Protein chains: 2
Amino acid sequence: MLPEPTVERLSRYRRILRDLHGSGKTSVFSHELAEMAHSNAAQVRRDVMLIGHSGSPAKGYEVTALRTAIGDVLDDPALSRSVVIGLGNLGQAVVGYFGDHHSRFTISAAFDVDPLKIGRENFGVPTFGMEKLEELISAQNIRIAILAIPKPVAQEIVNRLCAAGITGIVNFVQIPLRVPPGVFVELVDIAATWEKVAYFSRRRQG
Amino acid sequence: MLPEPTVERLSRYRRILRDLHGSGKTSVFSHELAEMAHSNAAQVRRDVMLIGHSGSPAKGYEVTALRTAIGDVLDDPALSRSVVIGLGNLGQAVVGYFGDHHSRFTISAAFDVDPLKIGRENFGVPTFGMEKLEELISAQNIRIAILAIPKPVAQEIVNRLCAAGITGIVNFVQIPLRVPPGVFVELVDIAATWEKVAYFSRRRQG
DNA sequence: AAGTGTGAACCCCTTCACAGCA
DNA sequence: TGCTGTGAAGGGGTTCACACTT
């Protein structure tokens, strides 16, 4: 199992490799990739090593081959679909984001309590009422959920998600969620990020 | 200077302390706070120690006092205002988010190129055209920017922001930004987060 | 008996540094 | 000469463990 930071960097490398491929570059050196990813050459080589790929001193890494190698490690078709819970500003932003970019990821459905939203499509994503949650998740074998709902109802919904077979949650709700073992939760905390930026930008000033 | 993870956790602790205060609890033990923050008691005690605060074996930490202590470390009035660049889905979500919650943070203004958006208010935040960027930032002494614009124009805007005096950027754009030394950038990468959740939720399955 | 404060140990990720290779 | 692959060193955050306190 790869370290978390490595998985994050691999994701970034891949995006850069995609752009490089688009611009016709066929190979990259570790120090080039490092510069573009705000990392360093040794780190890039180590990360590549960890996924069992290798390059050559003459050419560095082949863009296409490295992309494939990263994909082999990160991608799993069974985990490429997800549901978005909550179509407030944030939920809509996420749907819009992954609706626009036609990426590797698909949002199969969105859920909300607002009758005005239910039954409609947002960026091509159908919206259902909360009562359809379990049905759709199990029918489409969804394993990833993106949570963008108000605090008070979050834990209850999480319980239902986990019971329905969700194994990974991207959590935009600023509260500690209780999940059964085996479910991976990643918190995206914009307020905390803001505070961090404020703290360190102040310090940098000296 | 505190470690990054500590700053993030302090931010979370504080939010929990606010809720505790609201529910009338006047003191907490490290293990209680730890459980609520998905951390552990030793970590909480270490974090508290790092900000020079202390509790007592009998009562643990006083809720109000700890909140104040965290505030003393994290808060800086000069950094409580920010601008949002780009009012697409994500930018609107951020504005809506910090418009709704009347938090410690204020969004002084938003900027966009869309004439339909300029001159209006979103959640009480006035929107300007890009040409007003420098003027408003220096007039209000803004130091934090939240970047939610399309990739192709990101670097150019970042250059202008830094020149105008911005020292911290919350970056929702999935590209490596080049900034002068002294400017702190935190990348919020939803696609990478998704990939991380997918990777580790798969692994957890065993 | 139970919790805090904290030196020290631990662990894991990062970085160094250099042999090997084109 | 310049880059990769990687053992080894390094560094920094986390956890342990226990003296101290109430």
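A, B, ... follow the sequence lines: proteins, then strands. Residue 1 opens every chain. Just so it is clear, the structure is predicted and the values come from calculations on it, not from any experiment.
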Interface limits on DNA chain D, where chain A has a heavy atom under 4.0 Å of a nucleotide atom: D/dG2 to D/dA8

Protein-to-nucleotide contact annotation, 5' to 3' order, nucleotides 11-22 of chain C [B base; S sugar-phosphate only; - none; under 4.0 Å, heavy atom]: --SSB-B--B-S

Sequence-distant partners of A/Ser30, side chain to side chain donor-acceptor pair (under 3.5 Å), two or more places apart: A/Arg45

Side chain to side chain contact (heavy atoms under 4.5 Å, CB included) partners of A/Lys25, counting only residues at least two apart: A/Leu20, A/Ser23, A/Val28, A/Glu32

Test: A/Arg178 and B/Glu35 ion pair at under 4.0 Å: yes

Pairing residues for A/Phe172 by the ring pair (Phe, Tyr, Trp, His ring centres under 6.0 Å) criterion, not counting sequence neighbours: none

Step-by-step side chain to side chain contact (heavy atoms under 4.5 Å, CB included) determination, A/Arg46 to A/Met49: CA-CA 5 Å; A/Arg46 173 73 55 187; A/Met49 194 195 93; 3.5 Å; yes

Non-hydrogen side-chain atoms of B/Thr6 and B/Ile51 separated by less than 4.5 Å: no

Any residue of residues 60-67 of chain A with a heavy atom less than 4.0 Å from an atom of DNA chain C: none

Non-neighbouring partners of A/Gln92 that pass side chain to side chain donor-acceptor pair (under 3.5 Å), sequence neighbours left out: none

DNA chain D contacts among residues 26-36 of chain A, heavy-atom distance under 4.0 Å: A/Phe29, A/Ser30, A/His31

Inter- and intrachain pairs under salt bridge (charged side-chain N to carboxylate O under 4.0 Å, His left out), touching residues 66-88 of chain A, at least two apart: A/Arg14-A/Asp75, A/Asp75-A/Arg104, A/Asp76-B/Arg202

C/dT4 phosphate, OP1 or OP2, under 4.0 Å from B/Ser54 side-chain N/O: no

Test item: B/Leu2 and B/Leu10 side chains (from C-beta on) under 4.5 Å apart, heavy atoms: yes

By side chain to side chain donor-acceptor pair (under 3.5 Å) - contacts of B/Tyr13 (at least two apart): B/Asp47

Inter- and intrachain pairs under ring-ring contact (aromatic ring centres under 6.0 Å, His included), touching residues 36-94 of chain A, at least two apart: none

Interatomic distance where NE2 belongs to B/His53 and P belongs to C/dT6 [whole Å]: 13 Å

Option passing ring-ring contact (aromatic ring centres under 6.0 Å, His included) with A/Trp194 (candidates B/Tyr97, B/Phe98, B/Phe184): B/Phe98

Side chain to side chain donor-acceptor pair (under 3.5 Å) partners of A/Glu62, counting only residues at least two apart: none

